[in-house]
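Some notes on the structure that comes next.
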Amino acid sequence: MSDSTNDPLVIFTPSGKRGHVPAGTPVLSAARQLGVDLDSVCGGRGICSKCQVTPAYGEFPKHGIHVAEGALSEWNAVEARYDRIRGLKEGRRLGCQAQILGDVVIDVPPESQVHRQVVRKAADTRAVHMDPATRLFYVEVKEPDLTDPSGDFQRLKDALRDQWQIEGVSASLPILGRLQKVLRKGNWAITVALHRGHGDRESRLLDLWPGFHEEAIWGLAIDLGSTTIAAHLVDLRDGTVKASAGAMNPQIRFGEDLMSRVSYSMMNPGGDQEMCRAVRKTISGLAADLARDGGIEGRDILEAVIVCNPVMHHLLLGIDPVELGQAPFSPATSESVSVGMPELDIDSVNPEGRVYILPIIAGHVGADSAAVALAEEPGKSDDLVLIVDVGTNAELLLGDRDQVLACSSPTGPALEGAQISAGQRAAPGAIERVEIDPLTKEPRFRVIGVELWSDEPGFAEAVKATGITGICGSGIIEVVAEMRVAGIVDRHGLIGSAEQTGTARCIPHGRTHSYLLHDDSEGGGPRILVTQGDIRAIQLAKSALYAGAQLLMDEKGVDHVDRVVLAGAFGAHISPKHAMILGMFPDVPLDRVRSAGNAAGTGARIALCSVAARAEIEAEVRDIIRVETAIAPNFQDYFVGANGIPHLSAPFANLAQIVTLPETNFNASAGAENRRRRRGQ
Ligand code: FES
């Protein structure tokens with residue numbers, strides 16, 4: 001950069017960066033000097049077109065300059081050729097070709113920014129800047145001659161150092177074996193896919209192409225859950241998702257929940273390896289499906305980021321999870337893991353491809369929570385946020401700028417509809433929304449796959465295709481909360497009799513009562529009941545969640561949180577109001593509760609798109625305070641208090657402002673009734 005004010009002034013937008021540069025400086029060089037984010041794959045050789053900019057002419061009172069017609073050099077032959085063959089949008093110039101001759105304002109369009117903002121979540125301003133670990137670099141390598149008979153790889157490394165300032169590059173034997181042919185075929189010009197390590201990790205050559213290669217390279221963002229595995233095929237140039245696929249975790253056949261898989265491994269020699277092979281095979285199959293659905297070659301998939309809980313983590317890596325099943329719940333490693341795709345038997349992708357697994361927070365709080373922290377950034381929050389990742393094993397984060405704490409809570413699968421008498425997966429036909437009239441106690445509901453409510457005209461016809469098959473997780477939360485508001489269930493979670501509640505829908509069921517939500521038995525259809533056992537299962541699950549949150553709050557020394565974020569694929573479907581009525585988390589104003597969708601999956605995408613984000617979360621995880629619920633002395637007390645709906649003692653003042661909960665106690669009134677009967681009154 002020049003400090004002479006006689007030199008032309010260049011102002012870049014939208015960054016606002018400005019400075020004087022000597023006349024004749026290419027726009028790309030000026031951008032680099034001023035720290036402006038302008039992309040280039042070919043290093044300014046007029047091949048890649050990544051450096052496109054839009055100069056603006058005329059008066060700019062805001063900047064105090066006038067941009068004359070001749071502020072940039074005339075179109076040159078390279079630009080004319082590019083325009084002829086590929087077409088340049090009107091008003092665009094190639095930044096590496098256009099030279100600055102006079103004062104000028106230059107706009108850098110989003111697609112020309114390396115660190116462009118691509119992952120933006122709904123209802124949030126969180127932005128992610130593209131900075132993937134694996135990128136393409138075009139280099140021109142010096143030809144060998146008798147005076148400099150150094151190795152081709154050494155001269156390629158020199159070129160990377162001189163042209164891209166990248167040092168410390170390594171290559172596998174298969175890559176070295178291809179290098180000589182590719183260099184000569186490209187006439188000493190070559191494009192390399194380079195995986196840049198962060199921290200003290202080295203950079204590796206993952207693939208080579210002769211000349212300039214401009215096809216996309218791809219990455220996989222994988223959320224490996226204990227029940228399902230979700231994978232996205234992501235364009236590593238701009239972060240867009242080209243295809244998504246999901247599969248059931250095949251380890252389910254070895255045990256529904258995490259601890260039963262740990263037990264399977266303990267009881268069956270080689271069981272851990274069996275589960276490892278099963279999950280690796282499924283991931284490999286998902287990668288192949290995504291390549292096919294995305295219309296790309298599997299070998300163009302060069303990276304994957306996987307997020308998962310600690311047990312899934314160990315079983316994926318082929319590590320026996322037995323230590324995670326017993327105190328002190330120590331993982332084999334809690335640091336991030338970077339391995340080659342073949343080491344995880346992912347064989348449908350580039351054999352040089354790399355896998356990055358986020359760090360584990362604690363023995364029960366995994367890389368999936370680290371990914372949630374990456375997506376939701378509790379450590380950057382001005383107010384105190386509680387993030388609840390609802391799943392079979394709920395993981396909680398509580399934090400603000402000062403400190404972030406984490407724990408897991410054994411909720412079991414009830415909140416996902418399992419262990420519920422009429423519970424089922426969220427699939428067409430499942431009841432997902434419920435309302436109960438507090439006066440008549442009559443329900444209306446909606447099922448997945450049908451837009452109409454059950455009391456709307458046309459519902460019976462519309463539901464024929466799917467049937468009404470059961471209640472999914474969000475449906476069970478709504479129905480229990482609605483039963484509480486309608487006075488069908490009391491504060492202790494007891495379902496009243498028909499006499500106590502005033503509805504014939506409360507029917508005796510052994511020594512307890514059930515609420516009849518839907519009855520199609522005459523038409524040969526199902527009879528869907530909410531039983532006392534269902535309410536108990538929900539109470540146990542939500543009490544574990546609440547108690548976990550309370551332990552974190554104790555550790556932090558606070559008696560309330562400012563806001564709550566519900567994460568997890570299931571969290572996205574929960575109605576915040578109904579979750580609050582149940583007392584799934586501490587009382588906050590309803591408008592301070594938000595669903596973040598699959599935040600772990602978002603975190604995986606962020607880590608795939610940004611090597612800086614990986615370094616950031618690795619540092620942050622080291623500072624997170626772990627709270628172990630299994631050994632906390634207060635856990636049981638908190639758990640018992642949280643058994644009430646919403647709670648046995650906490651006032652839930654914010655909730656009281658939006659709903660009035662009846663003060664019924666069916667146990668007491670049943671007792672009085674029995675006593676009256678005995679006295680013959
Ligand atoms: Fe590649 Fe300009 S930097 S065309």
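Note: hydrogens, waters and symmetry copies are ignored here, and every other heavy atom, side chains too, is used. Order of appearance sets the numbers: ligands from 1, and atoms from 1 within every ligand.
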For this session: State, without any angle test, whether T25 and Q99 hold a side-chain donor-acceptor pair at a distance under 3.5 Å.
Result: no
Exercise. Side chain or backbone of S49 under 4.0 Å from ligand 1, or both, or neither, by non-hydrogen atoms?
Worked result: backbone
For this session: Report yes or no: does C96 have an N/O/S atom closer than 2.8 Å to atom 2 (Fe) of ligand 1?
Result: yes
Exercise. Relative to the heavy atoms of S40, which atoms of ligand 1 are at a distance of less than 4.0 Å?
Worked result: 3 (S)
Problem set entry | Test: R18 cationic atom under 6.0 Å from F12 six-membered ring centre, within 45° of axis | no
For this session: Identify, by atom number and element, the atoms of ligand 1 in contact range of G44, meaning under 4.0 Å from any of its heavy atoms.
Result: 3 (S)
Problem set entry | Atoms of ligand 1, numbered as shown, that sit under 4.0 Å from any heavy atom of I47 | 4 (S)
For this session: List every atom of ligand 1 that sits less than 4.0 Å from any heavy atom of G46, numbering the atoms from 1 in the order shown and giving each element.
Result: 4 (S)
Problem set entry | D83 side chain to L88 backbone, donor-acceptor under 3.5 Å | yes
Exercise. Side chain of S284, backbone of D347: donor and acceptor closer than 3.5 Å?
Worked result: yes
Problem set entry | Residue C42, metal atom 2 (Fe) of ligand 1, N/O/S under 2.8 Å | no
For this session: Could you walk me through whether V234 and K242 pass side chain to side chain contact (heavy atoms under 4.5 Å, CB included), step by step?
Result: CA-CA 6 Å; V234 179; K242 172 96 167 172; over 6 Å; no
Problem set entry | N, O or S atom of C51 closer to atom 1 (Fe) of ligand 1 than 2.8 Å | no
Problem set entry | Evaluation steps, salt bridge (charged side-chain N to carboxylate O under 4.0 Å, His left out), between R184 and D152 | CA-CA 10 Å; R184 284 157 183 80; D152 285 349; 2.6 Å; yes
